[in-house]
Amino acid sequence: MAKKTTTEKTRKPKKEPATESEINYAEMLYCEKGISPQAIREELGRDIKTIYAWRDKYKWDITKELFHTSPNVLKKILLNEAMRIAKGEKRTDEQGNEIKPIDADSLSKVMKAYDYMKSKLSPEVVRDVLMKRDVFVATIDPKRAIEDTKINKMFLQEIISEEQ
């Protein structure tokens, strides 16, 4: 384990209650940017148990999975469902119990709308590109990713203001 610096040893976690915006910021770092709870602790000056408590209470892992599910993954799910239907197989859970089939028509419509929205150069597309870049940077240099987040927010605000 890495040796803690003097600053880390003496720095006491914040005791005051967290604001909603602080929790939302932590969630964004975790879910969208892929920043570790330890790096979020350093950024916010909170106890690591607090960060993990927020993660569990607000179900960040589920949100993180949604943010990192690409249209290609969703298309693969649709294709697998199409193959299952073509073979006449029933849909089952892990225990083998039959479950309701996926409504492929509805999913197809949702995917078409999603693909259309993703193809437009909009704040959402810009955000998605910046998020992918930040996740990549976070694997190399987490502190840089945190710094870049601030600049990315300013850039997104500029893109949003241009749309209005």
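The closest donor-acceptor contact from the side chain of Arg84 to the backbone of Glu89 lies under 3.5 Å. Lys33 contributes no side-chain N or O that, together with a main-chain N or O of Ala138, makes up a donor-acceptor pair within less than 3.5 Å.
Between Asn24 and Glu27 the shortest side-chain heavy-atom distance falls below 4.5 Å. Side-chain contact between Thr50 and Lys14 is absent, with no heavy atoms from C-beta onward closer than 4.5 Å. Using a 4.5 Å cut-off on side-chain heavy atoms (C-beta onward), Glu22 and Glu16 make no contact. Looking at Ile35 and Glu43, their side chains never come closer than 4.5 Å, going by heavy atoms from C-beta outward.
In this structure, CG in Asn152 is found 4.5 Å from CG in Asp134, a value given to the nearest 0.5 Å. The CG atom of Asn97 sits 8.0 Å away from the OG1 atom of Thr92 when rounded to the nearest 0.5 Å. Taking CD1 of Ile40 as the reference point, atom CD1 of Ile146 lies at 7.5 Å (rounded to 0.5 Å). Rounding to the nearest 0.5 Å gives a distance of 8.0 Å between CZ of Arg144 and CD of Glu147. Taken from CG in Leu66 to CD in Glu32, the straight-line distance is 11.5 Å, to the nearest 0.5 Å. Distance check, rounded to the nearest 0.5 Å: CZ of Arg46 to CD1 of Ile51 gives 7.5 Å.
For the side chain to side chain donor-acceptor pair (under 3.5 Å) condition, the pairs that include at least one residue of residues 54-66, sequence neighbours left out, are Tyr30-Asp61.
Between Asp47 and Pro13, the shortest heavy-atom distance links the atoms N-CB, 3.4 Å. Across Leu44 and Ala26, no two heavy atoms sit closer than the pair CD1-CB, 3.6 Å. Nearest approach of Gly34 to Val135, heavy atoms of both residues: N-CG2, 4.3 Å.
Counted within 6.0 Å of OH on Tyr25, heavy atoms from surrounding residues, nucleotides or ligands total more than 12; the atom is thus considered enclosed.
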